K.L.:
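Take this structure, written in structure tokens, and hold onto it; I'll ask about it next.
On a predicted model such as this, the values are computed, not experimentally measured, just so you know. Values below: every heavy atom of this structure, side chains too, minus hydrogens, waters and symmetry copies.
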Amino acid sequence: MMLAAIENLGSITLSHYIFTSALLFVIGLIGFVTRRNMIVMFLCTELMFQGAAIAMIAFGRFHLNASGQVFVIFILTVAAAEAALALALVVLLYRRRETLSAEVWSELKE
Amino acid sequence: MASSIFYLACVLGIATAALYLLVRPGARALKLGATVVGLGALGWLVQQFVGMLGGDDPSDRPGVIFFIFSLIAVASAVRMITHSRPIYSALYFVMVVLSSAGLFLLLEAEFMAFALIIVYAGAILITYLFVLMLAQQAPGEDGTVQSPEYDRIPREPAAGVAVGFVMLALLSEMIFSGVSTELTEPPVAAAEVAAWRELEQMPGQLRRELIRVDPDLEESFPADQTPAKFSRIDEQGGIFTVGPLGSSGQTYEVSLPHSAMPQNIQRVGWALVHQYPASLELAGVILLMAMFGAVVLAQRQIELSDDEKLEAARAHQSARDAANGGDA
Amino acid sequence: MLGSFAATILPIVVSSESAVVDVPVAQATDAFGWAALILWLPALSTVLCGLCAVMKVKSKLPGWITVGLLGTSFLLTLALFFSYEYENPVIIHALQWLNISWNGEGETVQFIANFALYVDSLTLLWMLFVTGLGTLIALYATEYMEVDVGKGYTRFFAGISVFLFAMSALVLGDNLVMLYLGWEGVGFASYWLIGYYYKKPSAVAAAKKAFIVNRIGDFGLALGIYFIWHNFGTVEYRVLFEALNAGGYSTETAGWSVRAIPYLLMLGAFGKSAQLPLYVWLPDAMEGPTPVSALIHAATMVTAGVYLIARMYPVMLLDEYALPIVAWIGGLTALLAATIGMAQYDIKRIFAYSTISQLGYMFLGLGVLTSFGAAYHVFTHAFFKAVLFLTAGAVMHGFAGQLDLRKVSGLRHMPGWRIVSWTMFYGCLCLAGFPLITNGFYSKDEIIAQAFITPGFGFVALGVIGLITALFTAYYAFRVWFRVCAGPVHFEPGDDHHNGEHGGGEFHPHAPRLVINLVLVVITIGAIASIFLGDWVLRGVGDSTAVYPSPHAEGDGFWANPHRWMPWVASAAGIGGILLAWYFHLANRSAAERMKNALLANGLTRWLPTAMENKWYVDELYHATVRAPLWILGHFLNLFDRYVVDMFLVDGIAKLPRALARTFQPLQNGILQSYAVSMAGGLALVAVLVVLMPQFVEWVRSVMGGAG
Amino acid sequence: MADKLWFLIPEIWLFVGVVVVSVMGLSRRKMFRDLLPLVVCVFLVGAFIITPLLYSEQRISAAGLLMPMLGKYVKMLVCAIGVILTMLSVGLIDRDLEASMSAGRTRFDPIRVNRGEYFSFFMLSIIGVMLVCNANDLIWLFLALELTSLPTYIMVAISRPSRKAQEAAVKYFFLGAMSAAMFLYGFALLYGATGEIELTKLRDVFAAQAAAGGLNRVAIVGLILTVMGISFKMAVVPMHFYAADVYEGAASPVTAFLAFVPKTAGAVALILILSTVGWSGHYGNGAHGLPREILTALWIMAVLTMTLGNIGALLQRSAKRMLAYSSIAHSGYILIGLIAGPPHGLNAVLFYLLAYGVMNTAAFAVLASFERKGEEIESLADLAGLRHRYPVMAVAMALAAGSLIGFPPLLGFAGKLYLFIAGVDAGHIALIVIAGVNSAISAFYYLWLVGLPILAQSTPQSETVVARPVVWPRVAAIVTAIGVVILPLFAQSLLKASQAVTVERETTALDVTVAPDQPEQPTSP
């Protein structure tokens with residue numbers, strides 16, 4: 001089944017776009033859990049949002065309606081709002097500890 | 001079925017192993033080797049995906065462009081999470097955004113493509129860069145900038161990549177058994193009827209298109225009267241016969257060309273202001289809240305200075321002594 | 001007296017053929033609206049005690065509030081009792097509580113549990129001694145707890161009020177949810193009051209133990225209630241008994257979920273009433289103040305299990321093996337607890353084991369189909385056990401916490417202790433089942449005799465066990481009395497208050513004052529009065545849901561009817577036990593002491609050691625033949641209790657989750673990325689598991705199919 | 001459209017409140033700044049009163065929401081608990097700054113005062129929950145969930161001037177952003193599987209797919225990502241890791257807020273999302289329940305959540321951390337109701353949210369009422385012997401803990417009983433047995449909260465604990481403790497109120513069969 005799918009790739013289908021979006025999403029996830037720099041971590045969540053946005057647009061094209069694109073507009077808005085807050089928080093934290101490492105903030109634990 | 005999953009798992013496994021080696025701190029040679037292996041795996045995938053690179057059929061072009069864009073996006077994303085300098089990570093993210101915008105163009109979402117570039121690459125990423133610059137390490141004595149240790153050594157490379165692998169397995173299983181086989185495209189006719197209905201709702205739009213097709217209709221549909229409405233939409237031989245049009249009791253049979261259908265940008269804008277205006281307001285509230293929050297968080301003195309604290313403690317003590325007379 | 005009593009018993013012993021019983025079912029009534037106050041007054045008392053705590057009242061006010069309100073509650077119960085017409089059980093609606101209905105599969109499913117009172121004679125029987133003894137014991141406590149005025153006094157009486165509220169809800173409620181509410185409530189009050197001396201680690205441990213062991217039983221009860229609701233669609237007694245009367249469920253056709261109900265209820269009852277194997281919490285519960293032991297752990301709360309079985313008697317018949325098991329557990333508990341009681345020195349512990357033993361009799365009675373005997377024994381036991389505990393409390397109070405029966409002696413010769421000694425004497429007589437003049441005699445005989453009559457697996461053996469236990473009971477009861485009250489005057493004070501209010505000077509026992517003596521006398525009078533209430537209890541049980549015809553003895557001869565010969569045999573056992581106790585703990589005790597002194601003083605009488613050795617020989621024989629095995633058994637059970645139950649059950653339950661928690665602790669290491677990995681990984685694992693599971697299962701199936 | 005706007009009036013009114021409060025917070029007059037909590041309460045009470053007036057039959061039917069009556073109950077609930085939470089927050093923010101300003105050592109500086117902003121965030125988050133109830137499309141749901149969470153991140157950061165609070169904010173924010181990305185991707189897949197983003201239309205398409213042989217694989221994966229992403233807000237295992245640290249780091253009033261408001265938002269959002277697939281059973285004849293995959297996932301989550309939450313709480317020496325774990329465990333109980341489904345499971349969830357809101361807030365209110373050396377109390381040992389000096393507070397704590405155990409006849413018992421009945425009624429007996437065992441385990445640690453204040457003796461450490469100079473947290477504790485005792489008497493009418501929520505959809509959603517005019521009929525292989 002899948003081999004058939006690969007061989008038929010002459011024409012680009014929805015699956016290709018979704019696969020790209022899934023790759024971006026997963027790479028963002030990996031980055032989020034492996035990077036220790038808070039700003040890069042947040043960039044990684046933006047990458048995950050980006051993956052979701054591509055999926056939205058691709059599905060929107062597939063279903064021939066505009067809802068997906070409208071959704072992406074709102075994703076952009078929220079991403080901007082989150083980024084503003086996150087960066088303000090990071091600035092605050094950086095002033096405290098003079099480092100961007102997330103690991104210095106690990107006093108609360110069992 | 002089983003063999004194909006095995007096939008894919010091997011390739012993805014090699015790719016993730018390569019990614020792991022890239023993410024992990026290690027010798028340059030090892031990284032080089034990993035890059036080569038990873039590129040090899042990716043190249044195999046590319047070779048599998050586009051056996052027809054260079055074909056003459058113009059309908060294949062989007063395919064080639066798709067692969068170029070998505071390869072750039074994925075490669076930049078990988079580099080973004082592996083690069084030890086945050087500035088470069090941010091710049092690689094710009095690359096991801098740009099190539100996604102390209103994908104959006106392929107998907108006929110022109111407006112979103114440009115909005116993405118303007119908002120993401122133009123605004124959000126610049127903010128990131130600003131903050132990164134603020135927190136930039138001073139160059140060392142020899143003039144080179146040494147990345148701090150937390151940027152060079154990842155935290156949980158093995159666990160992270162394993163989680164990513166499981167997640168990717170989940171999603172690719174879904175894509176191969178769900179997206180490619182179970183999802184059926186909606187009938188084009190139904191979608192087009194929906195588009196015509198949207199045209200009908202947009203104020204004055206249908207009238208304008210009608211007049212463009214048949215200028216004589218201008219008198220029949222005065223601008224200040226009840227807007228024109230479709231009373232029937234059929235499709236015959238690729239041409240949409242629209243009508244009879246009902247307005248002030250009279251009906252007309254008109255054939256509207258395909259180009260009269262609302263454009264993508266029109267549909268997005270219409271959906272935004274007609275279907276989701278309240279959501280738009282809500283987004284505004286979120287942005288306002290974010291502004292508040294940023295102001296509150298980034299203000300310099302969230303804490304008091306030490307002597308102020310001491311004074312405050314004394315004041316508290318006296319207040320407490322006064323208040324401690326009774327209970328509850 | 002004896003004859004007339006037996007005569008009153010015989011007519012109700014109907015033939016055992018009528019297996020289908022028409023259980024009297026209560027009907028709703030609008031009258032008696034005031035009866036709900038019986039329930040609310042203790043609640044009001046709790047609130048007022050709470051207010052006292054807020055106002056930091058430093059007087060005996062909370063005690064008197066409690067006594068006053070509980071007394072009113074008792075008077076209302078009496079009023080209800082006198083206005084109640086036999087054979088007309090009623091339901092009095094108090095407050096709408098839970099009334100849920102929804103559309104199930106094709107029918108409307110309802111879950112109704114209101115605050116309503118189910119009043120029949122069983123309820124009244126229980127409520128009379130619950131509120132009556134509750135009032136009296138609260139009155140006793142106003143004096144007993146006076147050292148704590150301003151400290152724990154309010155807390156204590158608030159606890160008593162909570163207990164009485166919960167117990168009233170348990171007994172009066174017209175549905176199983178209310179019963180469960182009361183069930184948990186009395187458990188909580190018990191936990192509260194056992195842990196009253198929170199500074200003592202043993203008290204805290206005892207409270208914890210009581211709570212955990214009871215939880216096991218409660219779980220059974222909750223599940224039992226659920227199954228009742230599941231099968232009969234109701235938790236209201238009225239609807240439930242109507243359904244049972246209609247005969248919709250016979251034991252043959254019922255599914256396992258119906259058959260499980262009696263066993264689950266049994267688990268609950270055994271937990272609350274301290275039967276094997278869940279009895280272990282009760283002796284430790286004696287860490288609480290003595291009025292609490294008297295009220296909760298002797299007279300009232302522990303009989304909740306008996307009440308549950310009696311109330312649910314028709315339900316217990318849903319499985320034919322349920323009641324025989326109740327009988328056997330009861331009988332064995334009675335015997336084992338009595339043997340343990342014989343090896344103890346702490347007076348309260350002895351009485352605690354005797355409580356377990358007497359509760360065993362009650363379950364034996366229920367199991368051998370004499371619900372009358374069981375109910376009557378509950379009633380009589382409540383009085384005499386309250387007397388015993390209260391006298392023990394008076395001793396403890398007067399001798400600074402001394403409870404070791406070897407260290408207090410000759411109480412009846414001391415000034416001011418007369419009433420305590422003689423009420424205790426009467427209590428011991430009742431416990432021993434001394435013929436004619438004690439209430440315990442009648443109720444116990446009824447149970448043991450019925451064990452010989454009712455056909456069932458090994459019921460005759462149970463009757464014999466009951467008789468042996470009666471002998472042991474008489475022995476250990478009088479062991480206490482002869483040691484503590486009789487004999488030469490001698491005492492050592494306990495540890496409490498030794499350096500406190502009595503200063504460094506010599507210890508003087510302080511005799512109980514008016515209130516304690518008054519309460520002791522009143523309860524003793526109640527115990528005597530309860531001798532004459534047998535008929536009333538009999539008639540009452542006949543009107544209640546516990547009615548079930550006890551099998552009739554066949555034949556007319558003296559030996560053919562155990563009800564005829566049982567008084568004589570049981571009296572013999574009781575008196576024999578008393579004589580044994582007299583010999584070993586009064587007569588011989590002083591004789592041995594005196595002789596030993598004389599012999600040691602005079603060198604010429606050296607030959608006498610042979611004689612003395614004879615004495616010792618008797619003692620050792622007694623040790624070797626009677627006491628040692630029992631002692632070993634008692635201590636073995638004690639060790640079992642301490643190591644198996646305490647370590648594995650109680651501590652194990654407490655520690656297992658802790659150990660589990662420790663294994664998960666490293667995940668919570670405080671580092672953001674680790675959390676992120678765990679979260680994302682958990683999500684991905686669950687998702688993959690869920691999504692791929694059908695395929696995986698299919699694959700396993702194909703592999704298995706290929707292999708097999 | 002206009003009908004939907006009617007339902008937004010309480011939110012708009014509260015938004016006016018946000019503006020008023022944030023401006024008042026900048027006032028130079030101390031009196032105005034001190035009046036802020038009162039103003040917040042006025043606006044919340046106003047919203048509480050307005051809400052029931054708006055829900056007329058005609059508007060409900062015109063709005064076309066998935067569960068129209070949900071809003072009425074949840075909005076009133078959130079406003080009522082919001083008033084209590086406001087009381088807790090009195091005097092929390094800018095304490096030191098206000099003290100030094102009133103002593104004249106510091107000059108007023110509008111940049112440095114945060115109180116107005118704090119209460120704005122407070123109200124914005126509450127608006128977010130209220131908006132979740134109105135959601136009829138995924139965009140709205142996404143925005144409303146974000147509006148609920150984003151202000152809480154800042155509230156945690158500014159709740160107290162300590163590094164702990166900032167650390168809590170970092171963890172909460174970053175993990176929250178990750179979970180948001182997860183459910184956003186889930187939303188994308190849901191959209192992809194159906195081509196719709198309106199919940200009512202999603203429901204129709206899913207019903208059609210189910211009738212044609214089962215949900216699409218894309219829909220299943222999307223639902224799982226969505227459900228697990230949203231369950232972050234409820235602190236459900238495995239998305240619970242942040243909870244203990246964040247609850248410990250934030251100031252007690254904010255912790256009480258976190259334990260209730262986002263949790264309610266998450267529960268309501270899950271109700272809406274799960275309603276689109278319905279509990280009508282997609283597999284087998286006459287089988288009830290969610291699609292098998294979703295059911296399994298929720299089952300696993302519920303069991304893990306209850307168990308890990310309860311055993312995690314056992315080891316804690318910090319009262320706040322213990323309550324954090326207990327809050328995780330309570331989410332597990334709530335999941336039982338979600339698994340059981342309408343009408344009873346959902347009613348039970350809504351009723352339980354009320355019960356949980358009251359009793360949990362009571363416990364946190366007691367913690368928020370005390371301080372030691374100007375720092376708030378955290379450890380259990382601080383509560384020892386509270387009875388001697390603050391008997392009312394000790395009793396309030398005991399009542400709250402008793403109710404959290406589920407002790408009859410307190411409020412928590414009624415809530416738990418209803419949840420368990422609903423679970424049993426839906427046939428999940430194993431789940432209920434596990435919940436019962438967990439409930440027993442929970443008694444171990446809750447009894448500390450009963451025993452320490454009431455039974456234990458004061459220690460030198462706990463002697464230094466004193467009540468905060470502000471009286472309002474104590475008032476809140478007393479009010480909620482009374483509620484714990486009194487509300488069970490009204491259990492009947494409260495249950496009715498929560499029942500009204502799901503009555504409508506029973507007849508509509510559950511019986512959806514293949515509509516004849518469905519544009520697409522997915523073919524199953």
Side-chain angles (χ1 to χ4, degrees), chain A residues 1-3 5-6 9-20 22-24 26-27 29-31 33-37 39-40 43-44 46-47 50 54 57-58 61-64 66-67 69-70 72-74 76-81 83-85 87-92 94 100-101 103, chain B residues 1 4 8 23 48-49 52 60 62-63 66 70 73-74 77-78 81 86 89-90 93 96 100 103-104 107-109 112 119 124 127-128 131-132 135 150-151 154-157 160-161 163-164 167-168 171 175-176 179-180 185-186 191 267-268 271-272 276 279 283 286-287 290 293-294 297-298:
Chain A
M1 186 177 78
M2 197 212 83
L3 276 182
I6 289 178
L9 283 182
S11 55
I12 302 303
T13 63
L14 174 65
S15 314
H16 296 81
Y17 287 96
I18 305 303
F19 196 70
T20 307
L23 271 177
L24 289 187
V26 169
I27 291 170
L29 184 62
I30 296 174
V33 300
T34 53
R35 293 306 297 257
R36 302 200 286 180
N37 185 317
I39 294 181
V40 179
L43 267 178
C44 290
E46 302 278 0
L47 190 57
Q50 193 62 48
I54 292 177
I57 299 271
R61 171 70 185 77
F62 181 75
H63 289 292
L64 296 174
S67 308
Q69 297 184 43
V70 176
V72 173
I73 294 179
F74 289 104
L76 286 187
T77 317
V78 170
L85 284 178
L87 291 175
L89 186 65
V90 167
V91 168
L92 168 72
Y94 183 73
L100 289 174
S101 169
E103 273 176 37
Chain B
M1 171 75 197
S4 64
L8 185 75
V23 165
Q48 285 292 318
F49 279 141
M52 48 6 115
D60 286 341
F66 164 80
S70 60
V74 172
V78 169
I81 66 163
S89 292
F93 187 58
V96 176
S100 322
L103 291 177
F104 285 11
L107 290 166
E108 299 170 18
M112 287 321 302
V119 177
I124 301 180
T127 327
Y128 273 97
V131 175
L132 281 168
Y150 59 81
D151 269 337
R155 171 71 206 170
E156 309 255 9
V161 172
V163 166
M167 196 63 140
L168 192 60
L171 292 176
I175 289 163
F176 286 117
V179 175
S180 62
E185 286 193 53
R267 297 186 68 182
V268 172
L272 206 55
Y276 308 108
S279 304
I286 291 182
L287 284 174
L297 285 178

K.L.:
Return the CG to CZ distance between B/Leu107 and A/Phe62, rounded to the nearest 0.5 Å.
P.N.:
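Atom-to-atom, B/Leu107:CG and A/Phe62:CZ are 12.5 Å apart.
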K.L.:
How long is the gap from CZ on A/Arg36 to CG on B/Asp151, to the nearest 0.5 Å?
P.N.:
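Between A/Arg36 CZ and B/Asp151 CG, I get 9.0 Å after rounding to 0.5 Å.
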K.L.:
Go through B/Ala290, B/Ala283, B/Ala73 and name the one with the most non-hydrogen pairs under 4.5 angstrom from chain A.
P.N.:
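Most pairs with chain A among the choices: B/Ala290.
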K.L.:
Only pairs of heavy atoms separated by less than 4.5 Å count here; which of A/Leu24, A/Leu85, A/Leu14, A/Val78 has the most with chain B?
P.N.:
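Option with the top pair count is A/Leu85.
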K.L.:
Is any side-chain heavy atom of B/Ile175 closer than 4.5 Å to a side-chain heavy atom of A/Tyr17?
P.N.:
no
K.L.:
Check ring-ring contact (aromatic ring centres under 6.0 Å, His included) between B/Phe93 and all other residues, then give those that pass, not counting sequence neighbours.
P.N.:
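So B/Phe93 forms a ring-ring contact (aromatic ring centres under 6.0 Å, His included) with B/Tyr120.
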K.L.:
So which of A/Leu64, A/Leu47, A/Leu89, A/Val90 has the biggest tally of heavy-atom pairs under 4.5 Å with chain B?
P.N.:
A/Leu47
K.L.:
Under 4.5 Å between any side-chain heavy atoms of B/Tyr276 and A/Ser67, yes or no?
P.N.:
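Sidechains of A/Ser67 and B/Tyr276: in contact.
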K.L.:
Apply the test side-chain contact (heavy atoms from CB on, under 4.5 Å) to residues B/Val268 and A/Ile73: give CA-CA distance (whole Å), side-chain angles for both, the deciding distance (0.1 Å), then the verdict.
P.N.:
CA-CA 10 Å; B/Val268 172; A/Ile73 294 179; 3.8 Å; yes
K.L.:
Can you check side-chain contact (heavy atoms from CB on, under 4.5 Å) on B/Val131 and A/Val91, steps first, answer last?
P.N.:
CA-CA 7 Å; B/Val131 175; A/Val91 168; 4.0 Å; yes
K.L.:
Could you have a look at A/Ala58, A/Ala88, A/Ser101 and say which one has the most heavy-atom pairs with chain B under 4.5 angstrom?
P.N.:
A/Ser101
K.L.:
Find the distance between CG (B/Leu171) and CG (A/Leu23) and round it off to the nearest 0.5 Å.
P.N.:
9.0 Å
K.L.:
What orientation do B/Phe66 and A/His16 show, parallel under 30°, tilted 30 to 60°, or perpendicular over 60°?
P.N.:
perpendicular
K.L.:
What's the spacing between A/Asn37 CG and B/Ser89 OG if we round to 0.5 Å?
P.N.:
8.0 Å
K.L.:
Is a donor on one side and an acceptor on the other found under 3.5 Å between the side chain of A/Arg35 and the backbone of B/Ile81?
P.N.:
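Checked: pair present.
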K.L.:
Looking only at heavy atoms, what is the nearest atom pair of A/Phe74 and B/Ser279, with distance?
P.N.:
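Looking at all heavy atoms of both residues, the shortest contact is CE2-O, 3.4 Å.
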K.L.:
Heavy atoms only: give me the nearest A/Ile30-B/Gly160 pair and the separation to one decimal.
P.N.:
CG1-O, 3.8 Å
K.L.:
Rounded to the nearest 0.5 Å, what separates atom CD1 in A/Ile39 from atom CG in B/Leu132?
P.N.:
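These two atoms lie 4.0 Å from each other.
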K.L.:
Taking all non-hydrogen atoms of both residues into account, name the closest pair between A/Leu43 and B/Ala90 and its distance.
P.N.:
CD1-CA, 3.7 Å
K.L.:
Within the structure provided, determine whether A/Gln69 and B/Phe104 are in side-chain contact (heavy-atom separation under 4.5 Å).
P.N.:
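They are not in side-chain contact.
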K.L.:
Looking at chain B, which one of A/Leu29, A/Ile54, A/Val72 has the largest number of heavy-atom pairs inside 4.5 Å, strictly under?
P.N.:
A/Ile54
K.L.:
Are side-chain heavy atoms of B/Ile286 and A/Thr77 found at a separation under 4.5 Å?
P.N.:
no
